[in-house]
Amino acid sequence: MTPKVQTIPVATTLTPERLRAWAWHKQGLDGSLSGKTSGEVLDHAGWARSVGGANPYLTLFARAGISREQVDQDVKELKIHELPTARGCTYVLGRADFAWGLQIGRDAAVAPLKVLARLGVERSEITLLEDQVEHALQESSDPLDPKQLKDQLGDSIRSLGEEGKKKGAATTLPTALGLLQADGRIRRVPINGRLDQQRYAYTKWGLPPSKIDDDGARRLLLERYLGWTGGATLKQSQWFTAFTVAQTKAALAGVGAVEVPTANGDVLWMLPDDVERLADFQVPGDEQIQLLAGTDSLVLHRRNSADMFAEEDKGKKVLDTTLALQADLPDHPILDRGRIVGLWQYDPGKERIAAWTFAKPTAAVSKRIAEIEAWIRDELGDFRSFSLDSSASRQLRIDALDAAAGR
């Protein structure tokens, strides 16, 4: 059989505008995921970053209109779950990804053992503590939080003093919990059932281990990642995965990824089928407005918010911060087909969204702002970026956005 010749789009046609709209489409932000389940959305658009903030909820609402109540029920039924995975960071994953997602994060769970060893803690001590934690959870009818575990296990949990605190290891318990989570032997559950906070308890699990080896898991993650993003540079792929250059190149070769030059000189690695689809892809003519979190997968998976600004908007500033020069956005983005057209924050005291659009907002922009404002007010109560975020801590940003918008 004659090998299929890959049709790679001409580099000059892959303009920033077209690539922004392509990533938007791949993320399902164009309405193509409407009516899908939470698991289907995460499978298509990618894992939702969770740091005790509201991003997972908006990820699912923006793409498929899924309510907070439904998301919480899906978490309760283990259709989706928050787990430590790539780079040791927590994401909300679909059920099919639980085992190999944990496998990807295993190295990060093991890393603290080196710190403990320098503090005089032997591996056998942690192994014993793992067994004791498992036993305590097995005997409990309810999940146990860290304080309850400390109360039950007493001196089995060793305090590592001031030296340990300096090294980020105040006691031996977090390392044992991390290892147990990475093995799927226990899982962490939100105390009140919601993802937008960071108070957790632990319960016994027993997730069957992944059936693929580490090389296979890395190939699978790169394949999924390129599918989620629609293409990424080598550096972006490494940032998301924390793979070495050798591991990244081996995984890219393993999934048959193709190098695709772009108009701005970057080279994207793409899946072969996506190269074919991109060759025929056209930027939609009508507005497609979304308000997303600053940690949405569209922005975070490649950490390339600077590419999402139109050339004429790259000098925009808030509080003397040039937006396009930041690795991460200081506020949440308002977007149209992948282009950032403004920023927003939620003000719970006034139950409103403080929004600044770079140009006069269109009817579609105003409509979507009103829709998200009502959704946050009615279903979330607030929109925190992370667990310690509060209306007081973001007041300076709210005031700056109001000032920029001339309010």
Side-chain angles (χ1 to χ4, degrees), residues 19-20 22-29 41-51 53 55-56 58-59 63 80-94 96-109 111 182 210 212 214-260 262 266-271 274 292-308 326-329 333 338 385-386:
L19 289 173
R20 285 194 293 262
W22 167 248
W24 183 259
H25 164 68
K26 290 293 293 180
Q27 280 285 304
L29 288 160
V41 172
L42 295 174
D43 179 69
H44 183 97
W47 303 335
R49 185 74 168 97
S50 56
V51 284
N55 173 58
L58 185 53
T59 290
R63 291 164 173 81
I80 62 175
H81 201 51
E82 180 189 54
L83 296 171
T85 178
R87 304 188 319 281
C89 296
T90 54
Y91 290 84
V92 177
L93 287 64
D97 297 343
F98 289 172
W100 72 268
L102 284 175
Q103 182 180 359
I104 288 292
R106 174 69 185 178
D107 286 349
S210 167
I212 58 179
D214 289 347
D215 287 339
R218 283 191 285 267
R219 284 194 298 273
L220 182 54
L221 181 57
L222 253 297
E223 182 176 36
R224 298 293 298 283
Y225 173 73
L226 294 182
W228 297 334
T229 59
T233 66
L234 186 69
K235 184 178 180 180
Q236 290 166 349
S237 300
Q238 283 187 272
W239 178 83
F240 180 78
T241 63
F243 297 165
T244 66
V245 172
Q247 289 170 340
T248 303
K249 289 184 175 180
L252 289 169
V255 301
V258 178
E259 291 182 278
V260 178
T262 67
D266 287 337
V267 175
L268 301 180
W269 286 92
M270 296 181 63
L271 298 176
D274 277 344
L292 301 177
T295 50
D296 187 89
S297 53
L298 176 73
V299 181
L300 187 69
H301 281 180
R302 292 190 293 177
R303 213 177 178 199
N304 67 329
S305 59
D307 297 336
M308 299 178 187
Q326 305 302 301
D328 300 299
L329 292 169
S385 300
F386 50 91

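The figures that follow rest on heavy atoms only: side chains count, while hydrogens, waters and symmetry mates do not.
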* Asked: Looking at Trp239, is Arg87 sitting on its ring face, NZ or CZ under 6.0 Å from the six-membered ring centre and within 45 degrees of the normal?
  ->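 Judged by the rule (NZ or CZ under 6.0 Å from the ring centre, within 45° of its axis), Arg87 counts as positioned above Trp239.
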* **Shortest non-hydrogen separation from Gly88 to Ala108 and the atoms involved** =>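 Minimum heavy-atom contact is CA-CB, 3.4 Å.
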* Taking all non-hydrogen atoms of both residues into account, name the closest pair between Thr248 and Ser237 and its distance. =>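 The pair with the smallest heavy-atom distance is CG2-CB, 4.3 Å.
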* **Asp214 with Arg106: basic N within carboxylate O range, under 4.0 Å** =>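 Here Asp214 does not pair with Arg106 in a salt bridge, since their nearest N and O are not under 4.0 Å apart.
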* Is Asp307 salt-bridged to Arg302, cutoff N-O under 4.0 Å? ->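 Looking at Arg302 together with Asp307, the answer is no, because their closest N to O distance does not fall below 4.0 Å.
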Would you call [X] and [Y] a side-chain contact if the rule is heavy atoms closer than 4.5 Å?
{"X": "Met270", "Y": "Leu226", "answer": "no"}
{"X": "Thr85", "Y": "Trp47", "answer": "yes"}
{"X": "Lys26", "Y": "Asp274", "answer": "yes"}
{"X": "Thr233", "Y": "Gln238", "answer": "no"}
{"X": "Pro333", "Y": "Met308", "answer": "no"}
{"X": "Arg224", "Y": "Asp43", "answer": "yes"}
{"X": "Gln27", "Y": "Ser297", "answer": "yes"}

Salt bridge (Lys or Arg N to Asp or Glu O under 4.0 Å) involving [X] - partner list, sequence neighbours excluded:
{"X": "Asp266", "answer": "none"}
{"X": "Arg218", "answer": "Asp215"}
{"X": "Arg63", "answer": "Asp296"}
{"X": "Arg303", "answer": "Asp328"}

* With sequence neighbours excluded, what pairs up with Phe386 under the side chain to side chain contact (heavy atoms under 4.5 Å, CB included) test? ->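 Per chain and number, Phe386 pairs via side chain to side chain contact (heavy atoms under 4.5 Å, CB included) with Val51, Leu388, Asp389.
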* Sequence neighbours left out, what passes side chain to side chain contact (heavy atoms under 4.5 Å, CB included) with Ala48? Give chain and number order. =>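 With sequence neighbours excluded, Ala48 shows a side chain to side chain contact (heavy atoms under 4.5 Å, CB included) to Leu42, Asn55, Pro56, Thr59, Val92, given in chain and number order.
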Okay, side chain of [X], backbone of [Y]: is any donor-acceptor separation there less than 3.5 Å?
{"X": "Gln247", "Y": "Thr244", "value": "yes"}
{"X": "Trp22", "Y": "Gly230", "value": "yes"}
{"X": "Thr90", "Y": "Pro84", "value": "no"}
{"X": "Gln236", "Y": "Leu268", "value": "no"}

